[in-house]
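Single-structure report; data block below.
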Amino acid sequence: MTFRDLNIAEPILRAVEGEGYTNPTPIQEQAIPILLRGKDLLGVAQTGTGKTAAFGIPILHHLYRGKNGQQGKRCIKALIVTPTRELAIQIGESFTAYGKFTGLRNTVIFGGVKQGKQVKVLQNGVDILVATPGRLLDLMNQGYISFRDLEFAVLDEADQMLDMGFIHDIKKIIAKLPAKRQSLFFSATMPRDIVDLSRKILGDFERVTIKPEQATAEKVEQGVYFISKKNKPKLLVHLLQERSEDSVLVFSRTKHGANKIVKKLAQAGIRSAAIHGNKSQTARQKALGDFKDGKLKVLIATDIAARGIDVEELSLVINYDLPNVSETYVHRIGRTGRANASGIALSFCDKEERPYLRDVEKLIKQQVPRMPEHQFVDEDSDISSENLGKPDSQNNRPSRNQARSGGSKYRGGRNGNRGNRNRPRRRD
Ligand code: AMP
């Protein structure tokens, strides 16, 4: 199937093709026809599946078709609520890209920055509003936002919203939306609370489920080092020094941990920056911008801050801590490995994290290849060669074709494929 078969309005088709997309991803193939028919949608899918275009394209299509002859000030006709600023910005960029020949205008609002500029744009009139819940509710309460003409409401990453404590804000926002609307609800997982929430939002809906396996990169090579907590910084420094040309995203479970890693790396002469919720919006955008431009090679992130980060040419992801929720592992390693370039995901696992690794392996239905015994594996780490597993003894990399368990083969498509420029150096 190609985008031409989907019968989307010509200016949108032109923009999408201009982005270098030829074939719709599975979620796009399934969701776009449902949404073009005007049905509500429950999408069980995660970032990296192409879900932004899956909802963005039909919304733009309807708004474009309905726009003819419209006069007067623009009013908000589509609302997209998403948990983090980074995701909001990325969604806004996607609407701008797919809608560039439609004349439709979008804006993005989020907290952590002064509201003045955002209010001004809203007052000038927009067709599509992308927002994080807190700032949205705040500006609604101040009377800057009217949903009188709203036709589309999208709730993105609902499970993450719940984890971040946005549930009450979400309910208050929903209560203010007109009853007659098309509603879209996306969540990577569907625990009970999320099912309940979806019932409150959706009317007569159709469901599309994209299993993680469908969303995974073809070739994310994985490996795990068994190492004591104490020696993690040394191993990290060692790996980063070996791959100093590469862009590396390091995951830390906590904000405090992320700051500590930055300090340890600085002591070893490695420049890095941390992004997490305690950093100002300006600092986060600066670090992310420098990382995307290749000026900064090492970025340390917590899961929430890293959600939705779409960095081209990210060759290596390091799980400095293993996540206690195994789906998070799949999200993390999905940051690397894209259409035509394989990526590498290495994890550090200390004694306490063993159960997390077991959960991950259960989820991805495979064993993460064990990395060879390392000079940093010390006596007090309780790790014997036996439980290190069988190393890939010829080289220090995870074996190929073992990893079909995470990542997006679609990520990065928007800016075209720039090839393998930043691949990690091969040691074999
Ligand atoms: P999302 O899941 O919306 O965050 O999308 C993940 C990445 O896939 C983004 O970088 C998009 O630009 C890219 N993408 C989305 N749809 C397609 C497609 N049909 N073909 C190629 N790349 C795509």
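All ligand and atom numbering here is 1-based and tracks the order in the structure. Remember, it's a predicted structure, so these values are computed and weren't measured experimentally.
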query: Can you list the ligand 1 atoms lying under 4.0 Å from a non-hydrogen atom of Thr52?
result: 1 (P), 3 (O), 4 (O)
field: Lys/Arg cation over aromatic Phe110: Arg85, 6.0 Å, 45° cone
entry: no
query: Just wondering, do Gln182 and Ile59 contact through their side chains at under 4.5 Å, heavy atoms?
result: no
query: With atoms numbered from 1 as shown, which atoms in ligand 1 lie under 4.0 angstrom from a non-hydrogen atom of Asn23?
result: 18 (C), 19 (N), 20 (N)
query: Can you find an N/O atom of Tyr98 closer than 3.5 Å to an N/O atom of ligand 1?
result: no
- prompt: When you look for heavy atoms under 4.0 Å from ligand 1, do you find them on the side chain of Gln90, its backbone, both, or neither?
  reply: neither
field: His61 side chain to Asn7 side chain, donor-acceptor N/O pair below 3.5 angstrom
entry: no
query: For ligand 1, which atoms have a heavy atom of Phe3 less than 4.0 angstrom away?
result: 19 (N)
message: Using 30° and 60° as the class boundaries, would you call the ring planes of Phe55 and Phe95 parallel, tilted or perpendicular?
response: tilted
- request: Heavy-atom contacts with Thr25 under 4.0 Å: which atoms of ligand 1 show up? List them by number with element.
  value: 16 (N), 17 (C), 18 (C), 19 (N)
query: Is there a side-chain contact between Gln222 and Tyr329, using heavy atoms and a 4.5 Å cut-off?
result: yes
